There are 2 protein chains.
Amino acid sequence: MGLTKSQIFSDRQNELAQIFRVLAHPARIAILEYISEQKSCICKDIVSEVGLAQPTISQHLKELKSIGLIQGEIEGKKVCYCLNADKWKSVQEGLNDFFDQTSINCC
Amino acid sequence: MGLTKSQIFSDRQNELAQIFRVLAHPARIAILEYISEQKSCICKDIVSEVGLAQPTISQHLKELKSIGLIQGEIEGKKVCYCLNADKWKSVQEGLNDFFDQTSINCC
DNA sequence: TTTTAATATTGCAATATTACGATAATAAAT
DNA sequence: ATTTATTATCGTAATATTGCAATATTAAAA
């Protein structure tokens, strides 16, 4: 079918999966790495750096914004993207909680 | 198109994305959590616990196995699944490296 | 105010993923 | 040997994702 049955899972499970999903594309990894390396993080520069078409990058940026990992500040006709440090930290902590709580209790 | 252009990204970026992709489904989160909670972790039990059809669970288990997060031991006609503790730890460390290295250097 | 530059949105084609019925494979139980 | 139980695989339908050309939007520059 292709339709994830989200309703049978807990909110926490769906939220975790959603975070993983946003990170589950090499272009979005590359964008995050590039943004974090640069002082200036203009969309146009991301396009040339990553090597995908501008609408494609814009779409990936939208997904990263959807969970708050990055934020875009409008500066004239440019948009300056940067990481959201607080969200970045809290996502990392959330994932660590998942890894820690899913302890080993093997057969 | 629907075809990720993996060749324009680094191995590391593709590998990270691949790990995130495998974790990016609530059923697989639920399976990992359930396996870790149980002493015995037979496929049939996962099917009743998670609430998806047996072929669907089998497919999800295959994906989790593909990156080594779980392993299945054949016991007669049953298969006993458990977490791979070493891989679990190394994946967690790899993701933490990514989060730490992607430092904040904002505009 | 027209042009130019930067970014977002829309529409669409192609591939990927999800889910499950049907069926195969395997091994224990009868 | 046949049946039963457990898991894996195949085939297929439906939804999701990826990527980009075309176009819209917005604001600076000329």
Side-chain angles (χ1 to χ4, degrees), chain A residues 1-9 13-14 17-31 34-35 38 40-67 70-82 107, chain B residues 1-9 13-14 17-31 35 40-67 70-82 107:
Chain A
M1 293 188 210
L3 200 171
T4 295
K5 295 185 155 181
S6 336
Q7 68 289 359
I8 72 175
F9 304 107
Q13 287 164 342
N14 282 310
Q18 168 70 357
I19 289 168
F20 284 126
R21 200 192 56 74
V22 168
L23 294 168
H25 196 288
R28 295 195 283 271
I29 301 288
I31 289 171
Y34 182 71
I35 287 181
Q38 300 307 114
S40 129
C41 35
I42 282 111
C43 177
K44 183 188 69 136
D45 294 338
I46 303 176
V47 171
S48 9
E49 170 69 15
V50 175
L52 293 171
Q54 178 268 321
T56 308
I57 295 294
S58 202
Q59 206 171 275
H60 284 306
L61 289 169
K62 196 176 178 181
E63 297 230 49
L64 291 168
K65 268 190 287 184
S66 76
I67 60 167
I70 64 173
Q71 55 204 28
E73 199 175 339
I74 298 173
E75 290 186 356
K77 53 186 167 185
K78 303 178 181 176
V79 177
C80 181
Y81 283 99
C82 57
C107 42
Chain B
M1 295 189 212
L3 200 171
T4 295
K5 295 184 154 181
S6 336
Q7 70 287 1
I8 72 174
F9 303 108
Q13 288 163 340
N14 282 311
Q18 168 69 357
I19 289 168
F20 284 126
R21 199 190 57 72
V22 168
L23 294 169
H25 195 288
R28 295 194 285 270
I29 301 288
I31 289 172
I35 287 180
S40 128
C41 36
I42 281 114
C43 175
K44 183 188 71 139
D45 294 339
I46 304 176
V47 171
S48 9
E49 170 69 16
V50 175
L52 291 171
Q54 179 269 320
T56 309
I57 295 294
S58 202
Q59 205 171 274
H60 284 307
L61 289 169
K62 196 175 178 182
E63 296 230 48
L64 291 168
K65 266 190 290 185
S66 78
I67 59 167
I70 65 173
Q71 55 205 28
E73 198 175 338
I74 298 173
E75 289 186 356
K77 53 186 168 187
K78 304 177 180 177
V79 177
C80 181
Y81 282 99
C82 58
C107 43

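Predicted model only: the values in this text are computed from it and were never measured. Order of the sequence lines fixes the chain letters, A, B, ..., with proteins taken first and strands second; residue numbering starts at 1 for each chain.
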Engineer: Take atom CD1 of A:Ile46 and atom C1' of C:dA6, then tell me their distance rounded to the nearest Å.
Structural biologist: 12 Å
Engineer: Please list each protein N or O that sits under 3.5 Å from an N or O in nucleotides 2-6 of chain D, with the distance.
Structural biologist:
| unit_1 | atom_1 | unit_2 | atom_2 | d |
| --- | --- | --- | --- | --- |
| D:dA5 | O4' | B:Lys77 | NZ | 3.1 |

Engineer: Going by the salt bridge (charged side-chain N to carboxylate O under 4.0 Å, His left out) test, which pairs reach into residues 18-29 of chain B, not counting sequence neighbours?
Structural biologist: B:Arg21-B:Glu63, B:Arg28-B:Glu63
Engineer: In whole Å, I'd like the distance from the CD1 atom of B:Ile57 to the C1' atom of D:dT9.
Structural biologist: 16 Å
Engineer: Which residues pass the side-chain contact (heavy atoms from CB on, under 4.5 Å) test with B:Lys62, not counting sequence neighbours?
Structural biologist: none
Engineer: Heavy atoms, side chains only, cut-off 4.5 Å: are A:Cys82 and A:Glu73 in contact?
Structural biologist: no
Engineer: Would you mind reading off the distance between A:Leu61 atom CG and C:dT7 atom P, rounded to a whole angstrom?
Structural biologist: 9 Å
Engineer: Could you state the atom-to-atom distance from CD of A:Gln54 to C1' of D:dT25 in whole Å?
Structural biologist: 12 Å
Engineer: Not counting sequence neighbours, which residues clear side-chain contact (heavy atoms from CB on, under 4.5 Å) with B:Gln54? List them please.
Structural biologist: B:Val47, B:Ser58
Engineer: The criterion is side-chain contact (heavy atoms from CB on, under 4.5 Å); which residues satisfy it with A:Lys44, sequence neighbours excluded?
Structural biologist: A:Ile42
Engineer: Relative to the ring of A:His25, is the ring of B:Phe9 parallel (under 30°), tilted (30 to 60°) or perpendicular (over 60°)?
Structural biologist: perpendicular
Engineer: Taking only residues two or more places apart in sequence or in another chain, which ones pass side-chain contact (heavy atoms from CB on, under 4.5 Å) with B:Lys77?
Structural biologist: none
Engineer: Expressed in angstrom and rounded to an integer, what is the separation of B:Glu73 atom CD from C:dT26 atom C1'?
Structural biologist: 17 Å
Engineer: Grab the CG-C1' distance between B:Asp45 and D:dT7 for me, whole Å please.
Structural biologist: 13 Å
Engineer: Using nucleotides 16-19 of chain C, report all nitrogen or oxygen pairs with the protein that are shorter than 3.5 Å.
Structural biologist:
| unit_1 | atom_1 | unit_2 | atom_2 | d |
| --- | --- | --- | --- | --- |
| C:dT17 | OP1 | B:Arg21 | NH1 | 3.4 |
| C:dT18 | OP2 | B:Arg28 | NH1 | 3.3 |
| C:dT18 | OP2 | B:Glu63 | OE2 | 3.4 |
| C:dT18 | O2 | A:Met1 | N | 2.5 |
| C:dT18 | O2 | A:Gly2 | N | 2.1 |
| C:dA19 | OP1 | A:Lys5 | N | 3.0 |
| C:dA19 | OP2 | B:His25 | NE2 | 3.3 |
| C:dA19 | OP2 | B:His60 | NE2 | 2.9 |
| C:dA19 | N3 | A:Met1 | N | 3.1 |

Engineer: How would you list, by chain and number, every residue that makes a side chain to side chain donor-acceptor pair (under 3.5 Å) with B:Thr56, sequence neighbours excluded?
Structural biologist: none
